[in-house]
Chemist: 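Questions regarding the structure given below will be posed in turn.
Quantities reported herein were computed from a predicted structural model and do not represent experimental measurements.
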Amino acid sequence: MQPRILRLNQAGQPIEWLDWQEAVCLFAREMIVWTLGDEVKRVRGGFSRLTGQTSQIVLPSIIATGGEQLARPRTNYPLTNPALFARDGYLCMYCARPFSAASLTRDHIVPTSRGGFDKWENVVAACRRCNQHKADQLLEEINMQLVALPFRPNNAEYLALINSKRILGDQMEFLRGQFSRNSRWL
């Protein structure tokens, strides 16, 4: 499995994950403004007719791109179960026990049948047992409590969540500097 490359805008804000082919295209189009991190891949090209040397591009783990407009980080991230379970550390937010992703479910703190929304601030990871026990009730109605409050991840946190199994140490160190101070990932 190839490591992914973290793309930033020229101001240093994380934008997205790239595969090595996308990063090579940005280098070839001379859109890279600055780089950070360790080398993750060396890509060799063809031979120069003038020098006879092979061209190559060294890909670092973090690249910043320029352009006419400053690329803006996304602010509205899709709420997916893999990202939700990673945000909650693969713990049931009711019983605090660890589970595999296959054993977790999405639970709405305020059930949708009672006007709750399917948004980051209203959902938590829950084991099947706790989710069934809570059912369509409010926490105060059945005397249940949350282990931790749900939150909407910021841009850096979201990128770490969706690539948590493949993230490199220098990429995590960079992203961690932009996590909110209340982040569970610090």
Chemist: Can you measure from CG (Leu139) to CG (Leu146) and round to the nearest 0.5 angstrom?
Modeler: 5.0 Å

Chemist: Restricting to side-chain contact (heavy atoms from CB on, under 4.5 Å), what partner residues turn up for Pro82, sequence neighbours left out?
Modeler: Thr80

Chemist: Under a 4.5 Å cut-off applied to non-hydrogen side-chain atoms, are Thr105 and Cys127 in contact?
Modeler: no

Chemist: What side-chain donor-acceptor pairs closer than 3.5 Å can you find for residues 96-103, not counting sequence neighbours?
Modeler:
| unit_1 | atom_1 | unit_2 | atom_2 | d |
| --- | --- | --- | --- | --- |
| Ser100 | OG | Ser103 | N | 3.4 |
| Ser100 | OG | Ser103 | OG | 3.3 |

Chemist: Looking at Glu157 and Ser180, what are the two nearest heavy atoms and their distance?
Modeler: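 The pair with the smallest heavy-atom distance is OE2-OG, 2.9 Å.
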
Chemist: I'd like to know whether CD of Glu22 has more than 12 heavy-atom contacts from other residues, nucleotides or ligands below 6.0 angstrom.
Modeler: yes

Chemist: Mind checking whether Trp120 and Pro150 have side chains closer than 4.5 Å, heavy atoms only?
Modeler: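 The answer is no; the side chains never approach within 4.5 Å.
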
Chemist: Answer yes or no: are there more than 12 heavy-atom neighbours, outside Glu30 itself, under 6.0 Å from its atom CD?
Modeler: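 12 or below, so no.
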
Chemist: Are Leu26 and Val43 connected into the same hydrophobic cluster when the rule is that any two of I, L, V, M, F, W, Y join if their side-chain heavy atoms are below 4.5 Å apart?
Modeler: yes

Chemist: Do Arg114 and Thr112 make a side-chain contact, defined as non-hydrogen atoms from C-beta onward lying under 4.5 Å apart?
Modeler: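 Not touching, per the 4.5 Å side-chain cut-off.
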
Chemist: Show me the pairs that pass ring pair (Phe, Tyr, Trp, His ring centres under 6.0 Å) and involve residues 5-51, at least two apart or across chains.
Modeler: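 Listed by first then second residue: nothing to list.
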
Chemist: Assigning hydrophobic clusters by single linkage (Ile, Leu, Val, Met, Phe, Trp, Tyr; side-chain heavy-atom cutoff under 4.5 Å), is Tyr94 placed with Leu138?
Modeler: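 Tyr94 and Leu138: separate clusters.
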
Chemist: List for me each residue that meets ring pair (Phe, Tyr, Trp, His ring centres under 6.0 Å) alongside Tyr77, sequence neighbours excluded, and say none if there are none.
Modeler: Tyr158

Chemist: Taking Lys134 for the side chain and Ile109 for the main chain, is one N or O donor matched with an acceptor at less than 3.5 Å?
Modeler: yes

Chemist: Measuring from Glu121:CD to Leu149:CG, what's the distance to the nearest 0.5 Å?
Modeler: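 One gets 11.5 Å once the value is rounded to the nearest 0.5 Å.
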
Chemist: Show which residues join Leu50 in its hydrophobic cluster (side-chain heavy-atom contacts under 4.5 Å, direct or indirect), or state none.
Modeler: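 In the cluster with Leu50 there is nothing else; it is isolated.
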
Chemist: Is there a side chain to side chain contact (heavy atoms under 4.5 Å, CB included) between Asp118 and Val123 once you walk through the steps?
Modeler: CA-CA 7 Å; Asp118 193 37; Val123 295; 3.8 Å; yes

Chemist: What are the two closest heavy atoms between Arg128 and Leu104, and how far apart are they?
Modeler: NH2-O, 4.4 Å

Chemist: Search all heavy atoms of Gly37 against all heavy atoms of Pro60 and return the closest pair with its distance.
Modeler: O-CB, 4.2 Å

Chemist: Test your reading of the model: is there a side-chain donor-acceptor pair from Gln132 to the backbone of Arg129, 3.5 Å cut-off?
Modeler: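 The answer is no, because no donor-acceptor pair under 3.5 Å joins these two groups.
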
Chemist: Same cluster or not: are Leu8 and Ile63 linked, directly or through other Ile, Leu, Val, Met, Phe, Trp or Tyr residues, by side-chain heavy atoms under 4.5 angstrom apart?
Modeler: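 Per the 4.5 Å side-chain linkage, Leu8 and Ile63 are not co-clustered.
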
Chemist: With hydrophobic residues grouped by side-chain heavy-atom distances under 4.5 Å, do Leu168 and Ile5 end up in a single group?
Modeler: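 Per the 4.5 Å side-chain linkage, Leu168 and Ile5 are co-clustered.
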
Chemist: Distance-only, no hydrogens or angles: does the Asp88 side chain make a donor-acceptor pair with backbone N or O of Tyr90 under 3.5 Å?
Modeler: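 No, because the side chain of Asp88 does not come within donor-acceptor range (under 3.5 Å) of the backbone of Tyr90.
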
Chemist: May I ask you to decide if Ser61's main-chain N or O and Gln171's side chain share a donor-acceptor pair within less than 3.5 Å?
Modeler: yes

Chemist: Look at the side-chain heavy atoms of Ile, Leu, Val, Met, Phe, Trp and Tyr, link any pair under 4.5 Å apart, and say whether Ile162 and Ile167 land in one connected group.
Modeler: yes

Chemist: What residues form a side-chain contact (heavy atoms from CB on, under 4.5 Å) with Gln56, not counting sequence neighbours?
Modeler: Arg42, Arg44

Chemist: Search all heavy atoms of His133 against all heavy atoms of Met144 and return the closest pair with its distance.
Modeler: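 Smallest heavy-atom distance, with atoms named: CD2-SD, 3.6 Å.
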
Chemist: May I ask you to decide if Ile32's main-chain N or O and Thr65's side chain share a donor-acceptor pair within less than 3.5 Å?
Modeler: no

Chemist: Determine whether a donor-acceptor pair (N or O, by modelled atom type, separation under 3.5 Å) exists between the side chain of Arg106 and the backbone of Leu79.
Modeler: yes

Chemist: Looking at every heavy atom in both Gln10 and Gly66, which two are closest together, and how far apart are they?
Modeler: OE1-CA, 3.8 Å

Chemist: Does the Arg87 side chain pair with the main chain of Ala125, one donor and one acceptor, at a distance under 3.5 Å?
Modeler: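 No; zero donor-acceptor contacts below 3.5 Å.
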
Chemist: List the atom of Asn9, the atom of Ile15, and the distance in Å for their closest heavy-atom pair.
Modeler: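 Closest heavy-atom pair between Asn9 and Ile15: N-CG1, 3.6 Å.
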
Chemist: Report the distance from atom OG of Ser164 to atom CE of Met172, rounding to the nearest 0.5 Å.
Modeler: 8.0 Å

Chemist: Does some side-chain heavy atom of Ile57 sit less than 4.5 Å from a side-chain heavy atom of Leu59?
Modeler: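 Leu59 vs Ile57: side chains touch.
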
Chemist: For Gln178, does its backbone N or O pair with a side-chain atom of Asn154 as donor and acceptor, under 3.5 Å?
Modeler: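 Confirmed, Asn154 side chain pairs with Gln178 backbone.
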
Chemist: Answer yes or no: does atom CZ of Arg29 have more than 12 heavy-atom neighbours from other residues, nucleotides or ligands under 6.0 Å?
Modeler: no

Chemist: Do any N or O atoms from the side chain of Asn122 and from the backbone of Val110 form a donor-acceptor pair under 3.5 angstrom?
Modeler: yes

Chemist: Rounded to the nearest 0.5 Å, what's the gap from CG on Leu18 to CZ on Arg7? Could you check?
Modeler: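 Interatomic distance, Leu18 CG to Arg7 CZ, rounded to 0.5 Å: 6.5 Å.
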
Chemist: Side chains of Val147 and Leu91: closer than 4.5 Å at any heavy-atom pair?
Modeler: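 They are not in side-chain contact.
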
